[in-house]
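For reference, the structure discussed in these notes is given below.
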Amino acid sequence: MSVSARLAELGIELPAVAAPLAAYVPAVRTGNLVYTAGQLPIRDGELLQTGKVGGGVSPEQARDLARVCALNALAAVHSLVGIDSVTRVVKVVGFVASAPGFNGQPGIVNGASELLGEVFGEAGAHARSAVGVSELPKDAPVEVELIVEIS
């Protein structure tokens with residue numbers, strides 16, 4: 001089954017590519033890899049939530065926001081090479097704007113990882129980093145970037 005068919009089966013529509021916030025492009029291909037820029041939880045041009053996880057943003061909200069970030073990263077891949085050319089997810093890097101004392105970053109980034117597993121199945125299993133940071137652009141709670149292999 002193609003990736004686009006799997007997305008349709010799951011009822012997931014890829015969003016429009018989020019406009020870059022500075023001097024970069026949403027995704028770059030080198031050889032058979034596509035690297036995405038860090039994607040924020042933006043929908044229809046609006047940041048969905050601001051704040052720190054473990055402060056004003058609950059872990060449950062942040063997991064959902066990480067999922068949105070992953071969808072935005074897939075949209076960036078799709079705009080460059082087409083989503084059906086993805087053969088596997090190689091790496092996920094998730095940044096979590098964390099309130100002092102919050103150390104549940106891996107659980108937050110699971111929102112992105114689990115989405116990729118739903119969409120790509122075994123080809124969605126990936127290496128990953130989940131990093132706690134003090135600030136993210138626009139006061140976003142999460143940011144996710146991907147590296148995918150393409151055919």
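Worth knowing before you read on, the calculation uses all heavy atoms, side chains too, and leaves out hydrogens, waters and symmetry mates.
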Decide whether Val17 and Leu74 are clustered together by the hydrophobic rule: side chain heavy atoms of Ile, Leu, Val, Met, Phe, Trp, Tyr closer than 4.5 Å, transitively. no
With the 4.5 Å side-chain cut-off for hydrophobic clustering, are Val109 and Ile147 part of the same group? no
Hey, what do you get for OG (Ser4) to CD1 (Ile83), rounding to the nearest 0.5 Å? 8.5 Å
For Ala18 and Pro26, the nearest pair of non-hydrogen atoms, with its separation, is O-CG, 4.3 Å
Salt-bridge present (Glu60, Arg63; N to O < 4.0 Å): no
Starting from the C-alpha separation in whole Å, work towards a yes-or-no answer on side-chain contact (heavy atoms from CB on, under 4.5 Å) for Arg43 and Leu71. CA-CA 10 Å; Arg43 185 178 294 141; Leu71 283 172; over 6 Å; no
Are Val57 and Leu136 co-members of a hydrophobic cluster defined by side-chain heavy atoms under 4.5 Å apart? no
Among Asn72, Val34, Leu116, find the residue that satisfies the side-chain contact (heavy atoms from CB on, under 4.5 Å) test when tested with Leu146. Leu116
Determine the minimum heavy-atom distance between Phe102 and Gly54, stating which atoms define it. CD1-CA, 3.9 Å
Scanning both residues in full, the closest heavy-atom pair of Arg29 with Ser151 reads NH2-O, 4.5 Å
Can you list the residues that meet the side-chain hydrogen bond (donor to acceptor under 3.5 Å, both in side chains) rule with Asp64, with sequence neighbours excluded? none
Atom pairs and distances, side-chain donor-acceptor, residues 86-98, under 3.5 Å, sequence neighbours left out:
from	atom 1	to	atom 2	distance (Å)
Thr87	OG1	Glu149	O	3.2
Arg88	NH2	Ala125	O	2.6
Lys91	NZ	Ser129	OG	3.4
Ser98	OG	Val96	O	2.9
Ser98	OG	Gln105	NE2	2.9

If hydrophobic clusters are built by linking Ile, Leu, Val, Met, Phe, Trp and Tyr wherever their side-chain heavy atoms come under 4.5 Å apart, do Val3 and Leu33 end up in the same one? no
Is any side-chain heavy atom of Pro59 closer than 4.5 Å to one of Ile108? yes
Using side-chain heavy atoms (C-beta onward) and a distance below 4.5 Å, is Ile12 in contact with Leu115? yes
Distance, nearest 0.5 Å, that separates CZ of Phe120 from CZ of Arg6: 11.0 Å
Carboxylate-amine/guanidinium contact Arg67 Glu118, below 4.0 Å: yes
Pair Asn110-Arg128, side-chain donor/acceptor within less than 3.5 Å: yes
Nearest non-hydrogen partners of Ser79 and Ala76, listed with the distance: OG-O, 2.8 Å
For the student: nearest non-hydrogen atoms of Ala75 and Pro15, plus distance: CB-O, 3.2 Å
Spell out, yes or no, whether Val68 and Leu10 are grouped together once hydrophobic residues are joined by side-chain heavy atoms under 4.5 Å, including indirect joins. yes
For the residue pair Glu13 and Leu7, establish whether any side-chain heavy-atom pair is separated by less than 4.5 Å. no
Output the distance between atom OG1 (Thr50) and atom CG (Leu40), rounded to the nearest 0.5 Å. 12.0 Å
Within the structure provided, determine whether Leu47 and Pro41 are in side-chain contact (heavy-atom separation under 4.5 Å). yes
For Thr36 against Ala73, the heavy-atom pair lying closest together: CG2-O, 3.6 Å
With distance as the sole test, does Gln61 use its side chain to make a donor-acceptor pair with the main-chain N or O of Ser58 at under 3.5 Å? yes
Gap between atom CD of Glu143 and atom SG of Cys69 - 0.5 Å precision: 7.5 Å
Do Glu145 and Gln39 make a side-chain contact, defined as non-hydrogen atoms from C-beta onward lying under 4.5 Å apart? no
